[in-house]
Structure formats: C-alpha cells, structure tokens
Protein chains: 2
Amino acid sequence: MQNNLVDQPEVLGLRERKKRARREALIDATHRLVGEHGLDAVTVDAICEEAGVSVRTFFNYFETKDDAALGHTPWQLGSAAAETFAAGGPTGLLMADLQALVVSFLTDPPIGRERLARAMELAAKEPRLVARHMAWFEQHKGQLSALVERRLGQDGPHSPEMVGSVLLFLTHATFLRWDAAGGHGAADEHLSAVVTELRSILSD
Amino acid sequence: MQNNLVDQPEVLGLRERKKRARREALIDATHRLVGEHGLDAVTVDAICEEAGVSVRTFFNYFETKDDAALGHTPWQLGSAAAETFAAGGPTGLLMADLQALVVSFLTDPPIGRERLARAMELAAKEPRLVARHMAWFEQHKGQLSALVERRLGQDGPHSPEMVGSVLLFLTHATFLRWDAAGGHGAADEHLSAVVTELRSILSD
DNA sequence: TGCAACTTTGCAGTGAACGCACTTTTGTGT
DNA sequence: ACACAAAAGTGCGTTCACTGCAAAGTTGCA
C-alpha cells in the first residue's frame, strides 16, 4: 500500500538521487532557519546560502518560499491505493473505500513523517503556511474528483466534486487530529473517530 | 436576519461612506481590468490609476492584490444570527441551527451579490484566487470555533474545531452549488441538497 | 568518447508590499 | 465660523519574492 508514483524504478539514477537530495536539503535548510528566526525574517537568499545552492535553483524546486517550508512536492495521484479505489475496491463500499484511501495518503506521505511533522510544527506558528497548505489541497481537488469519477462514472448517485471535497475534508481533519495528539496513534483510528463525530454532528 | 456588525448606526458619517465608496471603487476597478486582461497582466498601479487612488492607499484597504479581486473585507463575526446561534437558537437543534447560520452568511454577504458573483466568475478562471479564498476562510475558522464554543461549552459532545470546520465546509459547498446553478435558487434549498448528499455519502 | 538531454547558475528586470514622514480631509467642541 | 485632534491619503525609498533568458556544467547513452 505505497503512495509512490507509478513506474518508479527500484534503483534511481544519479540524476534523480541528486534531485531528491537537493530538495530535501532545501527543505531542511528552510526548516532550520525558519524555526530559529521565523518565516518572514528568513529570505530565500539565506536559505540558499545555507543549502549551498543558487537562488535560481531554489525556484526550480519550489514555486514559493512557503512551499519549501511545507515541503510541497509536485504531486501526481498515482498510488496503488488510488488505482484500487478507482477500480471499485478494496471493499466495494464507497465510504469504507474512501477511508482506505485517506489512510493510504496519511500513512505514506511524499516527504516522510519527520519532515512532515516539522512542517506542521512551523505551520502552527505561521498562519500563512496553513493557508498555503489549504491552497495546495485545493489545487489537487481536480485530481481527486477525476479519480472519484473514474470509480462512480458521471451517472453515479453522487457528484464527484462533492465526494472529492469529502475526501479532502476527511484527510485534513484526520491529519489535524493526529497532529493534535502529538503524532501518536494510528491514522485509521483517528480517521474513524473523525467519521464518527462527523456523522454525529450531521444527525443532531 | 442581517449579517452586519453590531452597533452599526443607521446613517453613516461622511468618513465611513467615503471609505466604503473607495473600497467598492477599487474592487470594481480590479474586476474591470482583471476581467479584461487577466490577473497577472494587471498591476496594482494600473488598478489605482483606474480608480484614481494612490498605490499606498490601495494597500490601506487590501492586504494583497488578490484580496481586492475577491472583495475580501476585514471581517468580524457579529451578526444577529451568530448571536442567536451562540445563545442556543433558533431551534435548539444543533444541525438545524448550523444550517440557519450558513444561510445567513450566504444570504447577506459583506460585499453584495453582484460583486460576489463577479469575484467568483474571476476565481473560476484564476486558480490562485480560489486558493486565496480558501486561505481567507481558514483565517476565520478560529472565530467560528469560538462561536461554537460559546454555544456548546468546552464540555459539549463535539469539539468546537470540528463543528467549525463543518460550518465552513457547508458554507463553501453550498456556495459552489449555488454558483454552479448560475446564481439561481434560494440558498437554503442548495444547502439542504448539500446536507442530504453529505449524509448519503457518509452512510454508503 | 562524444553527443543529446537535463540542470544549475548569473544577471537583469518586474512588481508586490511595507515603513515612514508629510499633507489633506473629516469630526467635534466652542 | 474657527480651531484642533483624529483619521485617512499620499509620495518616496526600500526590500525581496519571483521570472525569463542564455551560458556553463552534468549526466545518460550509444
């Protein structure tokens, strides 16, 4: 149940390895400096100096400074879990399968748990980052809707956009709950709690 | 059921009227130019020239250029509907009262329906605006959580953050549905449809 | 080894956004 | 009608995020 891109070779070429190393170096440099001085007091120049890279290169990797702090990586929906979902699995029940998908997102994030945790730590202190993160979510809603549409068809009982939004909502809410618990506990337990509470609110 | 600030006098002073006129002039100028040339091709300078105002003044009104396009206005939760909600009304049933609150938000938006519609029209073509709009929502989640907490207390069965998130979700989803329908139909009907579909998805 | 594809980098430029000090406008009390 | 305080508008200078372009360096492959 891994969340990687499709067709990923077992061993990466030098080029690809260097790219990843640089991206991580930039993220780590950003985390170090921002953690110490705050987001606004750190310039892109400073980050690049810390990471030993030119400014121009920085912007080859990240669209914005904030993206580096969040570790936002160009993302394509393409995990095995997504394919399973589109094909109608794993259980065949929509809600259960949505939950499986959410768990797969959270269990295997694109930048690793530690970096993710550090990014969220910063985001808690820098509201702008939360906003940017929501924006990033929003940009990928189209992909989620498309995925849902592959599963349900256009003639399904639910609108793909709505289901996509729910998917996003559950992911975000679960993540917040997990983070509020200090990063402890399994993703699927937090998700279950979220779903239960959501149902309860809606039926009050 | 109006969505105004508390303590708003019946007749506004010259100062306040001018301020509103300027803000609206800036929004309208932004809409005109952006509608014609696109968001990135329009500079703040150009907007200010169109509106007959200095650039520095522009930034006294809006934090960013994008905010002007969206008509984002400094916002304080303070409508009569919000007070009613906090006090446990109007029906006493949580979900019904949440819906009443959403309807009050959508029925009486801070910048008027036409401008709101134009802003959304632009946002449909400029993804960045959608992102910024989400960010704006996010910034006000704290206020919503606080409102919910006033109603439920900390010892209630639901976490205020969760209920606040639901409130936001419903508002946003209803708005999208309303917009997709070309701005036709009553807010509460769209909201009901959204709630119904949400319940249906969750119980699948 | 050499060529093609990809990456990095420097440079110069654009334009958003802010701090500050100064002028103009508005509200108010006399 | 006038003066004075508070608020709003404005010009200037600065910082810095971000971009396009073309040159130089790296890597993959035959």
Side-chain angles (χ1 to χ4, degrees), chain A residues 7-27 29-30 33-34 37-70 72-74 126-129 131-132 135-136, chain B residues 7-27 29-30 33-34 37-70 72-74 126-129 131-132 135-136:
Chain A
D7 284 339
Q8 193 174 58
E10 291 305 307
V11 63
L12 280 58
L14 175 58
R15 201 163 255 169
E16 201 60 24
R17 264 182 293 136
K18 269 195 162 180
K19 238 167 118 171
R20 295 202 176 193
R22 266 217 226 271
R23 166 166 283 120
E24 291 178 356
L26 282 168
I27 294 173
T30 307
L33 293 176
V34 172
H37 305 106
L39 188 58
D40 290 314
V42 173
T43 67
V44 174
D45 284 274
I47 295 171
C48 294
E49 196 166 344
E50 175 93 359
V53 167
S54 86
V55 179
R56 201 57 190 76
T57 299
F58 179 95
F59 286 106
N60 287 341
Y61 282 90
F62 302 102
E63 285 186 21
T64 67
K65 182 172 75 171
D66 296 3
D67 282 337
L70 291 167
H72 281 170
T73 234
E126 308 273 3
R128 246 177 52 211
L129 291 183
R132 180 85 193 170
W136 186 81
Chain B
D7 284 339
Q8 194 174 59
E10 291 306 307
V11 63
L12 280 57
L14 174 58
R15 198 165 258 171
E16 200 60 23
R17 264 181 293 136
K18 268 197 161 179
K19 239 167 118 172
R20 298 202 173 192
R22 280 238 156 120
R23 165 166 284 119
E24 292 179 355
L26 282 169
I27 295 174
T30 306
L33 293 176
V34 173
H37 305 107
L39 187 58
D40 289 315
V42 173
T43 68
V44 174
D45 285 275
I47 295 170
C48 294
E49 196 166 345
E50 175 93 1
V53 166
S54 87
V55 179
R56 202 59 190 75
T57 297
F58 179 96
F59 286 106
N60 287 341
Y61 281 90
F62 302 102
E63 285 186 23
T64 67
K65 183 172 73 172
D66 296 3
D67 283 336
L70 290 167
H72 281 170
T73 234
E126 308 273 3
R128 247 178 50 212
L129 292 182
R132 179 86 193 169
W136 185 81

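Chain identifiers are assigned alphabetically (A, B, ...) following the order of the sequence lines, protein sequences preceding nucleic acid strands; residue numbering begins at 1 within each chain.
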For a quick test of your reading: what N or O donor-acceptor pairs under 3.5 Å do the side chains of residues 42-50 of chain A make, sequence neighbours left out?
unit_1 : atom_1 : unit_2 : atom_2 : d
A:T43  : OG1    : A:A46  : N      : 3.1
A:E50  : OE2    : A:R32  : NE     : 2.7
A:E50  : OE2    : A:R32  : NH2    : 3.3

Minimum heavy-atom separation for [X] and [Y], please, with both atom names.
X	Y	answer
A:A29	A:A51	CB-CB, 4.0 Å
A:E126	A:L39	OE2-N, 2.9 Å
A:T30	A:L26	OG1-O, 2.7 Å
B:R23	B:P74	NH2-CD, 3.6 Å

Checklist entry - Could you give all pairs that pass the salt bridge (Lys or Arg N to Asp or Glu O under 4.0 Å) test and reach residues 53-68 of chain B, with sequence neighbours left out? => result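 For residues 53-68 of chain B, and leaving out neighbouring residues, the salt bridge (Lys or Arg N to Asp or Glu O under 4.0 Å) pairs sorted by first residue read B:E63-B:R132, B:D66-B:R128, B:D67-B:R132.
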Checklist outcome for this item: Contact string for nucleotides 7-15 of chain D, one letter per nucleotide 5' to 3', B = base within protein heavy-atom range under 4.0 Å, S = sugar-phosphate only, - = neither, reads SSSBBB---
Take the protein atom [atom1] of [X] and the nucleotide atom [atom2] of [N], then report the distance between them rounded to whole Å.
X	N	atom1	atom2	answer
B:I47	C:dA17	CD1	P	10 Å
B:D67	C:dC18	CG	P	10 Å
B:E63	C:dC18	CD	P	7 Å
B:R132	C:dA17	CZ	C1'	12 Å
A:D45	D:dT19	CG	P	15 Å
B:D40	D:dA17	CG	P	18 Å
A:R128	C:dC18	CZ	C1'	13 Å
B:E49	C:dG15	CD	P	13 Å

Next on the checklist: Can you tell me how far apart OG1 (B:T73) and CH2 (B:W136) are? Round to the nearest 0.5 Å.
Outcome noted: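 Spacing of OG1 (B:T73) from CH2 (B:W136) equals 8.5 Å.
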Item to check | End axis versus end axis in the helix from C:dT1-D:dA30 to C:dT30-D:dA1, the angle rounded to 10°, five pairs used at each terminus | outcome: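 Computed angle between terminal axes is 30°.
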Next on the checklist: Under the ring-ring contact (aromatic ring centres under 6.0 Å, His included) definition, can you give me all pairs with a residue in residues 40-61 of chain A, not counting sequence neighbours?
Outcome noted: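 Passing the test, one end in residues 40-61 of chain A: A:F58-A:F62.
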